[in-house]
Every structure is written in structure tokens, then in C-alpha cells.
A.B. asks: 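Below you'll find the structure I mean.
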Amino acid sequence: MDRFVVRRARCPESPRRAGPAPRAYRQATLESLKRVVVVEDIKRWKSMLELPGQPKENLIEALEELKKKIPSKEVLLSTKIGHTVNKMRKHSDHDVASLAKDIYTEWRTFIKDHSNKPSIEVRSDPKTEAFRKNARKLLCEALDLEIDHPLAENIEREAFHLSSRLISAPYRRTVRALVFSLKHKPEIRAEVKTGMLTVPAFVQSHKK
């Protein structure tokens with residue numbers, strides 16, 4: 001009888017069907033929230049927008065970062081970032097002007113509808129501001145420009161940003177390296193002043 005029975009090898013158990021992968025949630029940081037504004041960042045992006053000769057990529061980057069935030073009325077007044085964004089609405093580049101218009105409209109609408117809601121602001125302490133002011137003075141002298149020139153401010157803010165917004169040893173070393181290059185390398189100084197070498201690229205190349 002066995003010869004009439006067709007024996008087949010047992011099939012291995014088919015693998016269980018994998019269910020959908022669990023969704024990964026990334027915890028939001030305080031600074032990532034739209035209504036939490038770091039005033040230093042607002043001022044950094046403002047100085048980037050106001051510095052003459054900035055390439056389009058830098059302007060778009062600054063505006064994209066500003067679009068992620070909604071400053072309070074107090075921050076808008078103290079930093080005048082609203083005036084800067086408003087001016088960018090008339091920029092000759094369509095993409096820059098359009099993005100600036102979107103930001104300005106969103107801010108104005110939000111402030112109008114939520115004028116009574118408080119926001120969280122993060123500011124530097126007086127000691128930090130005094131140290132940074134001295135760094136800008138040294139940069140102005142190295143650039144052979146008048147004190148408080150926007151270019152020196154932009155360079156210092158970029159260095160501060162790359163140092164995690166801390167007056168740390170890396171920040172001090174970076175500022176010293178920037179001042180040395182500007183003072184003793186005329187070709188680099190000329191490229192920075194004319195905009196041939198952008199501020200982010202210049203600072204990044206001297207980061208310590």
C-alpha cells in the first residue's frame with residue numbers, strides 16, 4: 001500500500017508576516033518649538049539678511065530658519081527683524097521676495113490674533129554680551145572698518161553660533177584665528193570685504 005502513497009517533504013513553516021514597523025517619534029526640544037525664540041538666532045539671521053552682497057543661498061537659508069519661528073511682539077520691536085523681513089519682500093530675486101512675503105504675512109496675522117499670549121525668549125547675559133562686543137571690536141580693527149560695522153557683527157555671530165552659543169575655549173580660539181587672518185592676510189581680508197568669500201565659509205574654515 002505504501003507504494004501507492006506519494007510522500008512529500010514537509011514544508012518549513014512559512015515565516016510570519018511582519019507587521020508594520022513601529023513609528024519612530026523624535027522628542028521635541030524646547031528650542032524646536034515655534035514660539036520659543038532664541039534672540040541671538042534672530043539677530044544672527046537679521047545680520048545675514050542685512051549684509052550687502054549676500055548670495056541667494058544665504059538669504060534663503062536665513063529666511064527658512066525665520067519661517068520656523070514666530071517672535072513675540074516684544075522681540076519684533078527690540079530686534080526690528082520685522083522691518084528687515086518686510087524690506088526683503090522687495091528683493092529683486094523672486095524666490096527671496098516670495099519667502100519673505102510669506103513670513104511677514106504669517107507673523108503679522110499671528111501677532112494680531114494672539115497678541116495676549118506670552119512667548120518664551122532666550123537671551124545672553126550681560127557678561128557674555130560684553131565679551132562678544134570686544135570680539136567685534138577686534139574684528140572691526142582687523143578688517144580696517146569702523147566700530148560696529150555689520151560685517152564684523154555678522155562674522156562674530158557666525159563664530160558664536162558655531163561654538164554652540166557659548167563663550168568657550170573653542171569660541172575664543174576661533175575669534176583669535178579670524179582676527180589673525182584678517183589682520184595678516186590681505187588677500188583673505190579683501191575677499192571677505194568684497195563678499196567673494198562668504199562669512200559662513202570664512203568662519204567655518206577657521207573653526208577651532
Side-chain angles (χ1 to χ4, degrees), residues 37-63 65-66 69 71-88 90-91 96 100 121-208:
V37 175
V38 178
V39 176
E40 166 57 29
D41 288 343
I42 297 292
K43 291 180 177 179
R44 172 173 167 259
W45 299 323
K46 179 176 182 284
S47 68
M48 190 181 294
L49 293 175
E50 293 180 343
L51 190 65
Q54 287 278 31
K56 176 181 176 179
E57 310 87 74
N58 287 8
L59 298 177
I60 292 293
E61 178 189 354
L63 289 169
E65 291 298 325
L66 286 169
K69 296 294 180 181
S72 66
K73 187 176 180 180
E74 291 73 22
V75 171
L76 289 173
L77 291 172
S78 65
T79 63
K80 293 183 170 39
I81 184 62
H83 293 290
T84 302
V85 173
N86 189 28
K87 288 180 181 177
M88 297 302 293
K90 301 175 183 177
H91 197 275
V96 172
E121 301 165 21
V122 183
R123 295 178 181 271
S124 298
D125 60 276
K127 186 177 180 180
T128 296
E129 286 301 324
F131 194 98
R132 296 180 63 195
K133 186 176 181 179
N134 185 60
R136 291 175 199 168
K137 180 182 176 183
L138 294 174
L139 288 166
C140 283
E141 293 172 352
L143 286 162
D144 195 22
L145 295 171
E146 65 272 17
I147 299 300
D148 294 332
H149 192 279
L151 179 56
E153 178 189 347
N154 197 234
I155 292 172
E156 188 280 328
R157 289 194 185 281
E158 192 66 26
F160 190 62
H161 172 73
L162 291 180
S163 303
S164 303
R165 298 194 296 267
L166 294 171
I167 301 297
S168 55
Y171 170 82
R172 293 184 176 92
R173 288 195 295 267
T174 298
V175 170
R176 283 197 294 267
L178 293 169
V179 170
F180 182 88
S181 285
L182 292 170
K183 187 177 288 187
H184 300 289
K185 298 179 181 178
E187 67 284 357
I188 290 182
R189 181 171 65 243
E191 288 181 1
V192 172
K193 291 176 76 171
T194 58
M196 289 180 61
L197 178 59
T198 65
V199 168
F202 171 57
V203 176
Q204 183 67 51
S205 66
H206 290 71
K207 182 183 177 183
K208 300 297 182 181

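Excluded from the calculations below are hydrogen atoms, water molecules and symmetry mates; all remaining heavy atoms, backbone and side chain alike, are included. Nothing fancy with the numbering, it's 1 onward along the sequence.
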A.B. asks: Over all heavy atoms of both residues, which pair between Leu182 and Arg189 is shortest? Give the atoms and the distance, please.
C.D. replies: O-NH1, 2.6 Å
A.B. asks: What heavy-atom pair brings His149 and Cys140 nearest, and what distance separates the two atoms?
C.D. replies: N-SG, 3.7 Å
A.B. asks: Taking Lys80's backbone N and O only, do any of them form a donor-acceptor pair with Lys46's side chain (distance below 3.5 Å, no angle check)?
C.D. replies: no
A.B. asks: Atom CG of Leu178 and atom NZ of Lys207: how far apart are they, to the nearest 0.5 Å?
C.D. replies: 12.5 Å
A.B. asks: Is there a side-chain contact between Leu151 and Val199, using heavy atoms and a 4.5 Å cut-off?
C.D. replies: yes
A.B. asks: Return the OG1 to CH2 distance between Thr84 and Trp45, rounded to the nearest 0.5 Å.
C.D. replies: 13.5 Å
A.B. asks: First locate atom CG of Leu63, then atom CG of Asn58, and finally report the distance between them rounded to the nearest 0.5 Å.
C.D. replies: 11.0 Å
A.B. asks: Has the side chain of Ser72 got a donor or acceptor atom that lies under 3.5 Å from a matching backbone atom of Val75?
C.D. replies: yes
A.B. asks: Between His91 and Lys87, is there a donor-acceptor pair closer than 3.5 Å when you use the side chain of the first and the backbone of the second?
C.D. replies: no
A.B. asks: Restricting to non-hydrogen atoms, name the atom on Phe202 and the atom on Ser181 that form the minimum distance, rounded to 0.1 Å.
C.D. replies: CE1-CB, 4.5 Å
A.B. asks: Is there side-chain contact between Arg136 and Arg157, with at least one heavy-atom pair below 4.5 Å?
C.D. replies: yes
A.B. asks: Give me the atom names and distance for the closest heavy-atom approach of Ile42 to Pro71.
C.D. replies: CD1-CG, 4.2 Å
A.B. asks: Look up atom CG in Leu76 and atom CD1 in Ile81, then write down how far apart they are to the nearest 0.5 Å.
C.D. replies: 8.5 Å
A.B. asks: Quick one: does any side-chain atom of Gln54 pair with a main-chain N or O of Met48 as donor and acceptor, under 3.5 Å?
C.D. replies: yes
A.B. asks: Rounded to the nearest 0.5 Å, how far apart are NZ of Lys43 and CG of Asn154?
C.D. replies: 14.5 Å
A.B. asks: For atom CG of Asn134, is the number of surrounding heavy atoms from other residues, nucleotides or ligands below 6.0 Å larger than 12?
C.D. replies: yes
A.B. asks: What closest approach, in Å, do Ala152 and Leu139 show between heavy atoms, and which atom pair accounts for it?
C.D. replies: O-CD1, 3.8 Å
A.B. asks: Given 3.5 Å as the limit, does a donor-acceptor pair link the side chain of Thr174 with the main chain of Lys208, or not?
C.D. replies: yes
A.B. asks: Check whether any side-chain heavy atom of Val192 sits under 4.5 Å from a side-chain heavy atom of Ile155, and report yes or no.
C.D. replies: yes
A.B. asks: Return the orientation label for the Phe131 and Tyr171 ring planes: parallel under 30°, perpendicular over 60°, tilted otherwise.
C.D. replies: tilted
A.B. asks: Are Glu129 and Arg132 close enough, and set up right, to give a salt bridge (charged side-chain N to carboxylate O under 4.0 Å, His left out), and what steps lead you there?
C.D. replies: CA-CA 5 Å; Glu129 286 301 324; Arg132 296 180 63 195; 3.6 Å; yes
A.B. asks: Rounded to the nearest 0.5 Å, what separation is found between the CD atom of Glu141 and the CD1 atom of Ile147?
C.D. replies: 5.5 Å
A.B. asks: So, Asp41 and Arg165, do they make that salt bridge, N to O below 4.0 Å?
C.D. replies: yes
A.B. asks: Yes or no on side-chain contact (heavy atoms from CB on, under 4.5 Å) for Glu153 and Glu156, after CA distance, side-chain angles and deciding distance?
C.D. replies: CA-CA 5 Å; Glu153 178 189 347; Glu156 188 280 328; 5.7 Å; no
A.B. asks: Compare every heavy atom of Ala135 with every heavy atom of Val175, then report the nearest pair and how far apart it is.
C.D. replies: CG1-CB, 4.0 Å
